[in-house]
A.B. asks: 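Before I ask anything, here is the structure I am working with.
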Amino acid sequence: MADLPARPFGAVLTAMVTPFDSAGGLDLEAAGRLAIHLVDHGNDGLVLSGTTGESPTTTDAEKEALLRAVVEAVGDRARVLAGVGTNDTAHTIELAQQAAKAGAHGLLVVTPYYNKPPTEGLVAHFTAVADATDLPVMVYDIPGRTAVRIGTAALLRLASHPRIVAVKEATGDLFAGSAVMAATDLAYYSGDDALNLAWLAHGAAGVVSVVSHVAGLEYAQMVRAIDEGDLGVARAVHARLVPAVTGIMTRTQGAITTKAALQLLGVLQNRAMRLPLVPATDAEVDQLRADLSESGLL
């Protein structure tokens with residue numbers, strides 16, 4: 001059997017939604033219950049305050065409170081990463097240091113968005129954030145949301161930093177990622193549920209998933225199958241989950257459908273969102289129920 005990839009943050013991580021109460025307030029009790037549910041169902045890592053966690057509409061204080069609640073709930077059983085990336089390096093450093101003090105096990109740092117920094121700016125940004133704490137860092141490359149790709153040249157340079165250890169990959173460029181994996185020790189994590197199988201087959205360490213809110217055990221099975229060289233089992237899991245990935249990731253924004261799915265499963269009491277995101281409609285929930293049922297998840 002080939003050597004297994006290093007997994008600095010585990011193998012199956014959920015980019016966790018942030019539960020709100022019916023009035024839109026942060027629901028820390030629900031967050032703790034959700035974290036326990038996810039770890040009980042196949043996840044060995046959680047990522048908080050990413051886009052799926054509605055980070056654009058939660059305050060810095062809410063991010064800290066959420067992190068503390070989740071670390072208290074599952075920090076002894078799973079790696080808890082804090083999403084701290086912004087398009088302001090100074091603010092990102094503040095969030096990174098806040099997360100370190102609140103007990104995070106690692107940091108997710110997205111490419112600065114909207115202001116479109118050049119390669120030198122990207123390298124300087126990620127380096128400054130990694131220098132600001134002792135926590136390991138996963139950089140997040142998602143040009144569809146940020147308008148800027150980190151790029152191979154920058155990743156090769158960033159790989160020399162002792163605390164930049166992983167990449168959440170959402171460019172869809174399997175060949176470029178393979179080249180970086182071959183040239184560095186960076187651990188790659190699929191950041192696109194549609195490509196989880198493909199990235200694992202190319203040597204990724206694991207997944208940072210949205211669909212794993214409802215399919216954590218299935219993705220853990222997929223990872224084990226790849227580790228064991230059983231591509232047939234991994235492909236079967238992938239095929240089974242196609243309707244669920246379609247339902248959660250393609251019909252509307254993923255956090256919207258994820259909260260609706262968790263409500264269908266009885267894990268969340270509501271599907272409240274903060275504007276500009278809006279809760280799933282009854283028609284969308286009906287379609288989602290059919291999608292999840294087709295994957296055998298309801």
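All figures in this text were calculated on a predicted structure; none of them were measured in a lab.
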A.B. asks: Report yes or no: does Ser190 contribute a side-chain atom to a donor-acceptor pair with the main-chain N or O of Val207 at less than 3.5 Å?
C.D. replies: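 Not a single qualifying donor-acceptor pair exists.
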
A.B. asks: Determine which pairs satisfy salt bridge (charged side-chain N to carboxylate O under 4.0 Å, His left out) with at least one residue from residues 115-127, sequence neighbours left out, and list them in order.
C.D. replies: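 Those involving residues 115-127 are Glu120-Arg157.
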
A.B. asks: For Phe20, does the six-membered ring have the charged nitrogen or CZ of Arg274 within the cation-pi criterion, i.e. under 6.0 angstrom from the centroid and within 45° of the normal?
C.D. replies: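 Pair Arg274/Phe20 counts as cation-pi.
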
A.B. asks: For Thr52 and Ala255, indicate whether the former's side chain and the latter's backbone hold a donor-acceptor pair under 3.5 Å.
C.D. replies: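 Flag not set: sc Thr52 to bb Ala255 has no pair under 3.5 Å.
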
A.B. asks: In this structure, which one of Asn196, Val223, Leu38 forms a side-chain contact (heavy atoms from CB on, under 4.5 Å) with Val12?
C.D. replies: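 Only one option passes, and that is Val223.
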
A.B. asks: Is the closest basic N to carboxylate O distance between Asp40 and Arg77 below 4.0 Å?
C.D. replies: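 Yes, this pair counts.
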
A.B. asks: Among side-chain atoms of Ser209 and Thr14, is any donor-acceptor pair under 3.5 angstrom?
C.D. replies: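 Per modelled atom types, Ser209 and Thr14 side chains form no pair under 3.5 Å.
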
A.B. asks: Please identify each residue that fulfils salt bridge (Lys or Arg N to Asp or Glu O under 4.0 Å) with Asp131, with sequence neighbours left out.
C.D. replies: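 For Asp131, the residues satisfying salt bridge (Lys or Arg N to Asp or Glu O under 4.0 Å) (neighbours in sequence not counted) are Arg163.
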
A.B. asks: Would you check, one step at a time, whether the test side-chain contact (heavy atoms from CB on, under 4.5 Å) holds for Val17 with Leu34?
C.D. replies: CA-CA 9 Å; Val17 297; Leu34 173 58; 3.6 Å; yes

A.B. asks: Which residue, Thr127, Leu122, Val129, forms the side-chain contact (heavy atoms from CB on, under 4.5 Å) with His125?
C.D. replies: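 With His125 as partner, side-chain contact (heavy atoms from CB on, under 4.5 Å) holds for just one option, Val129.
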
A.B. asks: The test is side-chain contact (heavy atoms from CB on, under 4.5 Å); show your working for Val70 and Leu46 and say whether it passes.
C.D. replies: CA-CA 9 Å; Val70 171; Leu46 299 175; 3.9 Å; yes

A.B. asks: Taking only residues two or more places apart in sequence, or in another chain, which ones meet Tyr188 in a ring-ring contact (aromatic ring centres under 6.0 Å, His included)?
C.D. replies: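 Listed in chain order: Trp199.
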
A.B. asks: Ignoring hydrogens and angles, tell me if any N or O in the side chain of Arg271 forms a donor-acceptor pair with the backbone of Pro279 under 3.5 Å.
C.D. replies: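 Not at all, since once roles are kept as given, no pair shorter than 3.5 Å links the two residues.
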
A.B. asks: To check you understand the geometry: which heavy-atom pair defines the closest contact between Leu28 and Ala69, and what is its length?
C.D. replies: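 So the minimum-distance heavy-atom pair works out to CD2-CB, 4.1 Å.
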
A.B. asks: The test is side-chain contact (heavy atoms from CB on, under 4.5 Å); show your working for Leu81 and Leu48 and say whether it passes.
C.D. replies: CA-CA 6 Å; Leu81 279 70; Leu48 307 181; over 6 Å; no

A.B. asks: Please list all pairs meeting salt bridge (charged side-chain N to carboxylate O under 4.0 Å, His left out) that have one or both residues in residues 168-183, counting only residues at least two apart or in different chains.
C.D. replies: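 Qualifying pairs: Arg149-Asp173.
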
A.B. asks: Which residues pass the salt bridge (Lys or Arg N to Asp or Glu O under 4.0 Å) test with Asp286, not counting sequence neighbours?
C.D. replies: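 With neighbours one apart ignored, the set is Arg289.
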
A.B. asks: Lys259 pairs by side-chain contact (heavy atoms from CB on, under 4.5 Å) with which of Asn270, Val267, Leu268, Leu277?
C.D. replies: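 Going through the options one by one, the only one that passes is Leu268.
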
A.B. asks: Among residues at least two apart in sequence or on other chains, which ones pass side chain to side chain donor-acceptor pair (under 3.5 Å) with Thr246?
C.D. replies: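 Thr246 satisfies side chain to side chain donor-acceptor pair (under 3.5 Å) with no other residue.
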
A.B. asks: Would Val210 and Val237 show up in the same hydrophobic cluster when neighbours are defined by side-chain heavy atoms closer than 4.5 Å?
C.D. replies: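 Yes; tracing contacts between hydrophobic side chains, which count when under 4.5 Å, links both residues.
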
A.B. asks: Strictly by modelled atom types, are Thr92 and Thr86 linked by a side-chain donor-acceptor pair under 3.5 Å?
C.D. replies: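 Yes.
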
A.B. asks: Give a yes or no answer on whether the side chain of His213 reaches the backbone of Thr258 with a donor-acceptor pair at less than 3.5 Å.
C.D. replies: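 Not confirmed, His213 side chain does not pair with Thr258 backbone.
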
A.B. asks: Name all pairs fulfilling the salt bridge (charged side-chain N to carboxylate O under 4.0 Å, His left out) condition that reach into residues 174-198, sequence neighbours left out, sorted by first residue then second.
C.D. replies: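 Output for this query is empty, none listed.
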
A.B. asks: Test side-chain contact (heavy atoms from CB on, under 4.5 Å) on Val137 and Val165; report intermediate values, then the result.
C.D. replies: CA-CA 6 Å; Val137 171; Val165 299; over 6 Å; no

A.B. asks: Test your reading of the model: is there a side-chain donor-acceptor pair from Glu284 to the backbone of Thr281, 3.5 Å cut-off?
C.D. replies: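 It does hold such a pair.
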
A.B. asks: Using a strict threshold of under 4.0 Å (side-chain N to carboxylate O), is an ion pair present between Arg68 and Glu64?
C.D. replies: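 Salt bridge flag = yes for Arg68 with Glu64.
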
A.B. asks: Output the rest of the hydrophobic cluster of Leu217: all Ile, Leu, Val, Met, Phe, Trp and Tyr residues reachable through side-chain heavy-atom contacts under 4.5 Å, sorted by chain and number.
C.D. replies: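 Listed partners: none, Leu217 stands alone.
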
A.B. asks: Please collect all salt bridge (charged side-chain N to carboxylate O under 4.0 Å, His left out) contacts where either partner lies in residues 231-258, sequence neighbours excluded, each pair once.
C.D. replies: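 Output for this query lists Glu218-Arg240, Arg251-Asp291.
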
A.B. asks: For Lys63, enumerate each residue passing the salt bridge (Lys or Arg N to Asp or Glu O under 4.0 Å) test, keeping only those at least two apart in sequence or located in another chain.
C.D. replies: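 Here no residue qualifies.
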
A.B. asks: Quick check: does any side chain N or O of Thr171 sit under 3.5 Å from a backbone N or O of Asp141, one acting as donor and the other as acceptor?
C.D. replies: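 A pair under 3.5 Å: no.
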
A.B. asks: Is it the case that the side chain of Thr57 and the backbone of Glu54 share a donor-acceptor pair, with hydrogens and angles ignored and the cut-off at 3.5 Å?
C.D. replies: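 Present.
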
A.B. asks: Residues two or more places apart in sequence or in another chain: which of them pass ring-ring contact (aromatic ring centres under 6.0 Å, His included) with His37?
C.D. replies: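 Only His41 meet the ring-ring contact (aromatic ring centres under 6.0 Å, His included) criterion with His37.
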
A.B. asks: If we ignore hydrogens and angles and just use 3.5 Å, is the side chain of Ser49 paired with the main-chain N or O of Gly83 as donor and acceptor?
C.D. replies: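 Such a contact is absent between Ser49 side chain and Gly83 backbone.
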
A.B. asks: Linking Ile, Leu, Val, Met, Phe, Trp and Tyr through side-chain heavy atoms less than 4.5 Å apart, which residues share a cluster with Phe175?
C.D. replies: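 Besides Phe175, the hydrophobic cluster comprises nothing; the residue is isolated.
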
